[in-house]
Every structure is written in C-alpha cells, then in structure tokens.
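I have placed the structure first, in the form of structure tokens, so that the comments after it can refer back to it.
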There are 2 protein chains.
Amino acid sequence: MERPAQTIFYSLEKAIKSYRQFAQRNLADNGFSVTIDQGLILSLIQDNPGITQQQIAVRAFKDHASVTRIIENLVSRDFLKRDFHRDDRRRFELSVTASGTETLLQMEKTVVGNRTKALEGISAYEIETLKNLLERITQNCK
Amino acid sequence: MERPAQTIFYSLEKAIKSYRQFAQRNLADNGFSVTIDQGLILSLIQDNPGITQQQIAVRAFKDHASVTRIIENLVSRDFLKRDFHRDDRRRFELSVTASGTETLLQMEKTVVGNRTKALEGISAYEIETLKNLLERITQNCK
DNA sequence: CAAATATAATTGATATATCAATTAAAAATA
DNA sequence: TATTTTTAATTGATATATCAATTATATTTG
C-alpha cells in the first residue's frame, strides 16, 4: 500500500494545516483573540443577515453542534448578539455587535495579508486549476 | 474583502473535510473502530520501527500533545504496545500488537478503495500538479 | 383538528488541535 | 563534575469535530 506520506491527501492536510497555523499565528501576533473559525462565522453573519445556524453550518462546512458552540462563545464575548426570531421560535436572530464589527474591520488587513502571502508566486490560472481539482475531489467523496 | 466562500482556502477545507468524512464513514461502515488518524499513526509505527513520538508528530503533521493522546488511546485498546526504551528513558519503544497488525491488514482494502474513489477521473498528471501547488502553499506559510 | 413528521437548535460523549507549562532524563559545557 | 541547556513526553486549558440523542417548535397530513 502506498505510504500515507506519499498520498495527495497528506499534501492536502499539510497545506491546510500550514495555512491555518500561519493565519492563526498572524492573528494572535496582531493581538486578535478570535480564531479563524470564529472570524469566518462572524463574517458570514455580517454578510448574510437573517442566516440560520443550519445555513452557517453548511456554508462554513461545519457540524451543527460546532456552530452552536462557536456562537455561544462569540455571544459570551460580546462579538455577537442572539435574539429570538419573530416568526419562528426555534430560530435565533443573529447579529454582529459593534465590537464584532470593529474586530472584523481591524482583522481584514491581516486576513488579506495572510491569503496573499500563502498564495505568493501562484498564478490566477494555477489557483483556478487547484480549485477545480479540489472540487472534483469533493464531488467524488459524496 | 473577498468572501471566504470564494477563496481557495475554502475549497481546500471542503475537499479535505469531504475526504475525511467519506473515508471515516466507510471505515465505520466496514466495522472498524479506528479513526483515520489512529490508523495513520498505527501504520507509521509499523513501517518505522523505533520511531519516536516526536517523529510521529512531524510525519503525521500533528501536535505532540495529540500524538500522546492518540497513542494512549491505541495502547488502551491493545492496538499498540508501549515499552520503555533501553538506552533513553525519556522515550518509549512503540510496537504494533498482533491485533493492531490484523486491523491494519483488514483496513487496507477499504483505505485503498477510499483513495481510489476520491481521485476518480483525476489523471496522474493532475495529481502531480495538485501536489505541487499544495506544496507551494505549504512553503509560503512557513 | 389531532397525530405524525420535519426542522432548528442544543446537549453529551469522545476524539483531536493548539498553546503553554511542567516533568524527567540526557547532553553539553563551564 | 556541577550547572545549564536540550530533548522527549505529559498535562491542563480551551476550542473544535463528530455522532447520537433530545427538546422545542413548525408543518404536514389523515
């Protein structure tokens, strides 16, 4: 059997973990107390008013249980507000607080910098190729 | 700022998570009680007699703390044996038990099947391209 | 309308990730 | 050789992942 280290899945794990560590370290070094995942969910809520936790889970490619817990954390630290939904009492109305918005704004520069650095020397064409291949793997794993 | 869902990092997360879920589900469906990570570490130990936990962490691209805990788990379920090292008492001598070897053998077919299915329709050349791009991202994140 | 079904979210259990601090032993060096 | 530094591994704290079970509410349907 092909050794794990030789498989493409190993390279995949390695690339995404490297990026996450790199991005997280840069955020921490710049004084931010939010994780990549927390930031992602915060920005999803800001960009999609009225989004449900289920939709967040699908879009952020996360488990529903994880979303619940990440949101609890963000609410407890006042980055996020959670109100009851007018029509559907199973849902919550999520909104980013002033402090959350402020944090997102301040993070933007670091986040853009992280992405730029991680993709240094890789052409737009190559990125498209990469994206296409990754999406084919995703499809195959359905 | 570019929306997270549009970035290549999103595609990366999605591909690796899809693969992991797919692979884990297939293992579970075939009655295996080990996770992908446990299997990876088990096979690393089998293929590299005398390997240290530090080396495992590097090769499996895992945190040392995680390696400690995964190994504890494998030892407690009798997939792995941990003896003191003759010369260096900080280390352990890790070896796969008969039960661990048996499990690895039985898993092989499923693991190979998972990989094959995930890469269906993707040429060897494309896989090389993908690997190369991923490794460039990994390098950029150093 | 009442019962069955579906949906939104939470909770519990277990595994892993990450960072920082700690322990124990080995190696280097003054 | 005694002290310092390094190395191997563990531990604690907190965050996330995953699966299964549960709760509460909405919706469907007989």
Side-chain angles (χ1 to χ4, degrees), chain A residues 13-14 16-29 32-42 45 50-58 60-77 79-80 82-94, chain B residues 13-14 16-29 32-42 50-77 79-80 82-94:
Chain A
E13 289 267 8
K14 197 162 168 175
I16 194 66
K17 282 197 184 169
S18 297
Y19 174 69
R20 281 186 150 266
Q21 281 172 13
F22 167 77
Q24 194 60 64
R25 191 171 54 242
N26 286 341
L27 282 178
D29 287 353
F32 295 106
S33 68
V34 288
T35 66
I36 311 271
D37 293 311
Q38 291 165 359
L40 168 62
I41 286 185
L42 214 47
I45 293 169
I51 195 171
T52 66
Q53 292 185 197
Q54 305 254 10
Q55 292 168 327
I56 291 172
V58 173
F61 213 69
K62 291 198 173 300
D63 186 80
H64 295 182
S66 299
V67 171
T68 294
R69 285 161 188 145
I70 293 173
I71 285 177
E72 270 169 8
N73 177 315
L74 290 170
V75 168
S76 80
R77 295 195 295 148
F79 288 113
L80 207 56
R82 179 171 47 180
D83 299 303
F84 290 104
H85 194 276
R86 274 147 296 146
D87 315 323
D88 189 336
R89 296 204 294 174
R90 292 169 305 181
R91 291 200 213 170
F92 292 106
E93 185 81 51
L94 299 166
Chain B
E13 290 266 8
K14 197 162 168 176
I16 195 66
K17 282 196 184 169
S18 296
Y19 174 69
R20 283 185 149 264
Q21 282 172 12
F22 167 78
Q24 193 60 63
R25 193 170 53 242
N26 287 340
L27 283 179
D29 287 353
F32 295 107
S33 69
V34 289
T35 66
I36 310 271
D37 293 311
Q38 291 166 358
L40 169 62
I41 286 184
L42 213 47
I51 195 171
T52 66
Q53 295 186 193
Q54 305 254 9
Q55 292 169 327
I56 291 172
V58 173
R59 295 232 203 159
F61 213 69
K62 292 198 172 300
D63 187 78
H64 295 182
S66 299
V67 172
T68 293
R69 284 158 189 147
I70 293 173
I71 285 177
E72 269 169 10
N73 177 315
L74 290 170
V75 168
S76 79
R77 296 195 295 149
F79 289 113
L80 209 55
R82 180 170 46 181
D83 300 304
F84 291 104
H85 193 276
R86 273 147 296 147
D87 315 323
D88 188 337
R89 296 206 293 175
R90 292 168 305 180
R91 291 201 214 171
F92 292 105
E93 186 81 51
L94 298 166

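Nothing here was measured: the structure is a model prediction, and the numbers come from that model. Lettering follows sequence order; numbering is per chain, from 1.
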Touch check for Gln24(A), heavy atoms < 4.0 angstrom, all strands: base, sugar-phosphate only, or nothing? nothing
Give one of base, sugar-phosphate or nothing for Glu72(B), where a contact means two heavy atoms less than 4.0 Å apart. sugar-phosphate
Under 4.0 Å, counting only non-hydrogen atoms across every strand here, what does Ser66(A) touch: a base, just sugar-phosphate, or nothing? base
Let me know, please, whether His64(B) or Phe61(A) comes out on the 5' side of the other along DNA chain D by nearest nucleotide. His64(B)
5' to 3' on DNA chain C, which nucleotides open and close the contacts with chain B (atom under 4.0 Å from a heavy atom)? dA15(C) to dA26(C)
Is Gln54(B) near enough to dA8(D) that one of its side-chain N or O atoms lies under 4.0 angstrom from OP1 or OP2? yes
Under 4.0 Å, heavy atoms only, any strand: does Arg25(A) hit a base, just the sugar-phosphate, or nothing? nothing
Does Arg20(A) reach a base, just sugar-phosphate, or nothing at all? Heavy atoms under 4.0 Å. nothing
Heavy-atom distance under 4.5 Å between the side chains of Phe61(A) and Glu13(B), does that happen here? no
The residue, Glu13(A) or Arg82(A), whose nearest nucleotide of DNA chain C is more 5′ is Arg82(A)
Using a cut-off of 4.0 Å on non-hydrogen atoms, how would the nucleic acid contact of Asp63(B) be classed: base, sugar-phosphate, or nothing? base
May I ask you to check whether Asn73(B) and Arg69(B) show a side-chain donor-acceptor distance below 3.5 Å? no
dT7(D) base / Arg90(B) side chain donor-acceptor hit below 3.5 Å: yes
Using a heavy-atom cut-off of 4.0 Å across all strands, would you classify Thr35(A) as base, sugar-phosphate, or nothing? sugar-phosphate
Hey, does Ala28(A) reach any base, or is it just sugar-phosphate, or nothing, if we go heavy atoms under 4.0 Å? nothing
Any Ile70(B) side-chain heavy atom under 4.5 Å of Gln53(B) side chain: no
Please tell me if the side chains of Val67(A) and Gln55(A) come closer than 4.5 Å, counting only heavy atoms from C-beta onward. no
Sub-4.5 Å side-chain heavy-atom contact between His85(B) and Arg90(B): no
Below 4.5 Å, heavy atoms only, C-beta onward: do Ile56(B) and Leu94(B) meet side chain to side chain? yes
For a 4.5 angstrom cut-off between non-hydrogen side-chain atoms, does Thr68(B) reach Glu72(B)? yes
When you match Asp87(B) and Val67(A) each to their closest nucleotide on DNA chain C, which lands nearer the 5' end? Val67(A)
